[in-house]
Amino acid sequence: MKFIQTLLIILLIFFGLRILFRFLSPYIMRYLAKKVGERFQNMAQGRGYKEPAAKKEGETVIDRVPHRDQTSNKTVGEYIDYEEID
């Protein structure tokens, strides 16, 4: 009996959320579309893009620190060369 009760509760929650999202989805989509439209409008007006500062001739500027590649551990094991047999 507990199994059927648990199953019915899960189905009730599933269908309840499904109906709730069906009613709320237009409002959510409208909100997201408005935010994306504002972001595109800001980029078109130039607020979203920073122009690089004017550099003097001969000046060196480092924008980022290069990522160091990690060296592999050479003590992992020995290399075995396999040959194909026809």
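Index from 1, following the sequence.
Taken together through direct or relayed side-chain contacts under 4.5 Å among Ile, Leu, Val, Met, Phe, Trp and Tyr, Ile19 and Phe14 form parts of separate hydrophobic clusters.
Atom CZ of Phe21 and atom CG of Leu17 lie 5.5 Å apart (nearest 0.5 Å). Note that NZ of Lys35 is 5.0 Å distant from CD of Glu38, once rounded to the nearest 0.5 Å. Going from atom CD1 of Ile13 over to atom CG of Leu20 covers 12.5 Å, rounded to the nearest 0.5 Å. If you take CD1 on Ile10 and CD on Gln5, they are separated by 11.0 Å, rounding to the nearest 0.5 Å.
Contact check for Arg18 versus Arg22: side-chain heavy atoms found under the 4.5 Å cut-off. With contacts defined as side-chain heavy-atom distances shorter than 4.5 Å, the pair Leu12/Leu8 does not qualify.
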